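None of these values were measured; they are calculated from a predicted model.
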Amino acid sequence: MIELWNDLLSTVTDALAQAHQLTGWEGVAVVLAMVYLMLAMRGNIWCWAAAFVSTAIYTVLFWEVSLLMESLLNIYYMAMAGYGYWLWTRGRGGDKGVDIVSWSVSRHLLLIGLTGTTSLLVGHFMATQTQASYPYLDAATTCFAVMTAYLVAKKVLENWLYWVVIDLVSIYLYLNKGLLLTSILFILYVGMAIGGYFIWRASMREQSEDQANHYAYES
């Protein structure tokens, strides 16, 4: 029992020491990540600028704590920020961005199956070939986040539901790596992702009504 207590105390002490070292840059990344999400919920194009800078910082932070796939994921996020900006401004040609859409259950099941299989393969590779921490969980959150970030750029409504699950798993990872501010951020993310779903769903309904009125006017 004493040995277990000492191990637990050592883990907490190490986490706090690591958190102290990362707090400055992590704080900047957290603020920008919050700005990104709040703007994304409202469909504001400037969310992508906040996302680019925040993910650049997280790329370095995650590398330093050996969450290798999370670090690579943020490099992908940086590229997706540019792609998202382009889609939201010129995705339909000219100066027209994409509209919010909803995909079928069968399409989502296919995505989940393919992404889940990919995450198992990546997790196995990381577990056997690298020193990554929590390889299977790290791989799963990374693979599903890669897919979901694409859904955000395409304005697929259900992206928010994927984020709820991804964020819950990520909280466990970050707490175990001493990224305390980021863990708090992701707790907020869960609530905001739920809110984002309902905001986008209402916007999609407004889009449908506007399109119906437009067609009725033209006819």
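Ring pair F186/Y174 is perpendicular by interplanar angle, where above 60° counts as perpendicular and below 30° as parallel.
Of the possible donor and acceptor atoms, one in the side chain of S183 sits under 3.5 Å from a partner among the backbone N and O of L175. Judged by distance alone, the side chain of S119 and the main-chain N or O of G116 form a donor-acceptor pair under 3.5 Å. Although no hydrogens or angles enter the test, the distance criterion places no donor-acceptor pair under 3.5 Å between the side chain of Y189 and the main chain of L37. Not a single donor-acceptor pair under 3.5 Å links the side chain of T115 to the backbone N or O of I112. Distance alone, capped at 3.5 Å, is enough to place a donor-acceptor pair between the T142 side chain and the D138 backbone. Between the side chain of Q207 and the backbone N or O of I100, at least one donor-acceptor pair lies under 3.5 Å.
Side-chain contact between M192 and M34 is present, with heavy atoms from C-beta onward closer than 4.5 Å. You'll find the side chain of M147 reaches within 4.5 Å of the side chain of F144, heavy atoms only. A 4.5 Å side-chain heavy-atom check between W163 and V152 finds at least one atom pair inside the cut-off. Using a 4.5 Å heavy-atom threshold, the side chains of W200 and N159 count as touching. Y77 is listed as a side-chain neighbour of N74, based on a closest heavy-atom distance under 4.5 Å.
Residues W46 and V98 are members of one and the same hydrophobic cluster, defined by side-chain heavy-atom contacts under 4.5 angstrom among Ile, Leu, Val, Met, Phe, Trp and Tyr.
Within 6.0 Å of CH2 in W103 there are more than 12 heavy atoms belonging to other residues, nucleotides or ligands.
If you run side-chain hydrogen bond (donor to acceptor under 3.5 Å, both in side chains) between E158 and each of H108, R201, R107, only H108 comes through. Tested against W48, the residues Y85, W88, Y83 include a single ring-ring contact (aromatic ring centres under 6.0 Å, His included) partner, W88.
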